[in-house]
**Q** 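My structure is below; once you've seen it, I'll send some questions.
Along the sequence shown, residues carry numbers from 1. Being a predicted model, the structure only gives us computed values, none of them experimental.
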Amino acid sequence: MSVSSETLRAWAAAGWQTLPEAPRALGTLTGPDGKPLLTLAFDTHRDIITSIGYQPGEGCDEALRACAAALCSLAKGKAVMAADLLGPAEISAALEAETEMDDPLFYSAVLAVFCLKNALSSYAETRAAGYAAFKREQEQA
């Protein structure tokens with residue numbers, strides 16, 4: 001494995017396993033059993049991610065928790081558009097992989113990114129709904 005088990009354990013235990021109280025975006029990754037595998041949520045201020053966290057499901061292994069924590073660490077403080085550019089390579093760098101990630105860890109990084117993409121999609125829908133309501137108010141005024 002390109003990342004030590006101690007590194008994975010440390011990232012998996014990092015303090016990112018708390019969802020924001022009132023998130024503006026929520027993304028869920030569903031496992032093969034139909035249950036949530038990973039849920040990621042964030043809050044923003046002026047399109048900057050101010051708080052972010054994840055909640056592991058029953059089948060969420062240590063590698064996926066570590067990748068989710070690294071992704072949260074990378075996304076916090078970034079603009080929403082910049083967070084959309086994060087991918088497995090950035091997670092690999094955050095986990096300090098000495099070489100390329102092996103297939104299972106790379107797969108976990110891809111799953112974490114998919115969960116973030118789901119949250120970003122949720123955020124875009126929220127922003128669009130807010131803009132539509134604002135536009136209706138302006139037309140009625």
Side-chain angles (χ1 to χ4, degrees), residues 1-98 100-141:
M1 181 181 276
S2 59
V3 177
S4 72
S5 57
E6 292 84 25
T7 300
L8 284 180
R9 218 171 289 117
W11 273 102
W16 296 102
Q17 293 188 26
T18 304
L19 298 178
E21 279 188 37
R24 298 204 49 183
L26 181 72
T28 302
L29 186 65
T30 305
D33 59 358
K35 296 179 182 175
L37 183 62
L38 182 68
T39 301
L40 189 139
F42 63 83
D43 195 8
T44 61
H45 179 70
R46 296 187 179 188
D47 290 334
I48 303 295
I49 297 173
T50 55
S51 62
I52 185 169
Y54 74 93
Q55 185 173 32
E58 280 182 34
C60 188
D61 64 8
E62 186 175 70
L64 183 52
R65 290 192 317 270
C67 289
L71 191 57
C72 288
S73 169
L74 292 164
K76 185 172 182 183
K78 286 201 179 337
V80 171
M81 295 297 285
D84 191 37
L85 300 174
L86 296 172
E90 288 77 18
I91 292 173
S92 176
L95 295 176
E96 298 175 353
E98 296 170 11
E100 289 185 13
M101 290 189 285
D102 60 7
D103 287 345
L105 187 56
F106 181 78
Y107 179 70
S108 293
V110 169
L111 291 177
V113 170
F114 279 152
C115 198
L116 176 63
K117 299 287 184 185
N118 287 342
L120 291 167
S121 177
S122 163
Y123 182 74
E125 290 172 7
T126 300
R127 295 284 291 167
Y131 177 71
F134 171 77
K135 197 170 180 179
R136 279 191 303 275
E137 286 177 16
Q138 294 302 312
E139 290 171 353
Q140 293 173 356

**Q** How far does CG of Leu40 sit from CG of Leu26, to the nearest 0.5 angstrom?
**A**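 Separation between the atoms: 8.5 Å.
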**Q** Between Asp103 and Tyr107, does the side chain to side chain contact (heavy atoms under 4.5 Å, CB included) criterion hold? Intermediate values first, please.
**A** CA-CA 6 Å; Asp103 287 345; Tyr107 179 70; over 6 Å; no
**Q** What's the spacing between Ser121 OG and Leu116 CG if we round to 0.5 Å?
**A**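 Ser121 atom OG to Leu116 atom CG measures 11.0 Å (nearest 0.5 Å).
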**Q** Measure the CD1-OG1 distance between Ile49 and Thr44 for me, rounded to the nearest 0.5 Å.
**A**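 If we round to the nearest 0.5 Å, Ile49:CD1 and Thr44:OG1 are 8.0 Å apart.
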**Q** For Leu105 versus Val3, what's the shortest heavy-atom pair and its separation?
**A**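 Smallest interatomic distance, heavy atoms only, reads CD2-CG2, 3.5 Å.
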**Q** If I compare all heavy atoms of Ile48 with all of Ala79, which pair ends up nearest, and what's the gap?
**A**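 Shortest heavy-atom separation between Ile48 and Ala79 comes out as CD1-CA, 3.7 Å.
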**Q** Taking it one step at a time, do Leu86 and Lys78 satisfy side chain to side chain contact (heavy atoms under 4.5 Å, CB included)?
**A** CA-CA 10 Å; Leu86 296 172; Lys78 286 201 179 337; 4.1 Å; yes
**Q** Indicate yes or no for a side-chain donor-acceptor contact from Thr126 to the backbone of Ser122 under 3.5 Å, with no hydrogens or angles considered.
**A**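 Yes, the answer is positive, given that a donor and an acceptor are paired below the 3.5 Å cut-off.
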**Q** Looking at side-chain heavy atoms only, is the closest gap between Arg65 and Leu38 below 4.5 Å?
**A**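 SC-SC contact between Arg65 and Leu38 ruled out.
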**Q** Applying side chain to side chain contact (heavy atoms under 4.5 Å, CB included) to Asp47 and Tyr123, what does each step give before you reach the verdict?
**A** CA-CA 10 Å; Asp47 290 334; Tyr123 182 74; 2.3 Å; yes
**Q** Just wondering, more than 12 heavy atoms not from Asp33 lying within 6.0 Å of its CG?
**A**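 Count over threshold, so yes.
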**Q** Check Pro88 against Val110 and note the closest heavy-atom contact, atom names and distance.
**A**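 In terms of heavy atoms, the two residues are closest at CG-CG2, 3.8 Å.
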**Q** Of all heavy-atom pairs between Leu95 and Cys67, which one has the smallest distance, and what is that distance?
**A**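 Here Leu95 and Cys67 meet closest at CD1-SG, 4.1 Å.
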**Q** Applying side-chain contact (heavy atoms from CB on, under 4.5 Å), name anything that partners Pro36, two or more places apart in sequence or on another chain.
**A**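 side-chain contact (heavy atoms from CB on, under 4.5 Å) check on Pro36 returns Thr28, Thr39.
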**Q** Which residue in the set Asp61, Leu64, Thr30 passes side-chain contact (heavy atoms from CB on, under 4.5 Å) when paired with Leu37?
**A**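 Single pass found, and it is Leu64.
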**Q** I need the minimum non-hydrogen distance between Cys72 and Tyr54, along with the two atoms involved.
**A**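 Looking at all heavy atoms of both residues, the shortest contact is SG-CD2, 4.1 Å.
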**Q** Report yes if the side chains of Gln55 and Gln17 come closer than 4.5 Å at any heavy-atom pair, otherwise no.
**A**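 When only atoms from C-beta onward are counted, Gln17 and Gln55 do not touch, as no gap falls below 4.5 Å.
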**Q** Any side-chain heavy atom of Ile52 sitting closer than 4.5 Å to one from Pro20?
**A**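 SC-SC contact between Ile52 and Pro20 ruled out.
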**Q** Could you walk me through whether Ser4 and Thr7 pass side chain to side chain contact (heavy atoms under 4.5 Å, CB included), step by step?
**A** CA-CA 5 Å; Ser4 72; Thr7 300; 2.7 Å; yes
**Q** Using every non-hydrogen atom in the two residues, find where Phe106 and Met101 come nearest and quote the distance to one decimal.
**A**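 Smallest heavy-atom distance, with atoms named: CD1-CE, 3.9 Å.
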**Q** Between Glu137 (side chain) and Phe134 (backbone), is there a donor-acceptor pair under 3.5 Å?
**A**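 No: the side chain of Glu137 does not pair with the backbone of Phe134.
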**Q** Are Ser51 and Phe42 packed together at the side-chain level, in the sense that at least one heavy-atom pair is separated by less than 4.5 angstrom?
**A**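 The answer is no, as the side chains (C-beta and beyond) never meet within the 4.5 Å cut-off.
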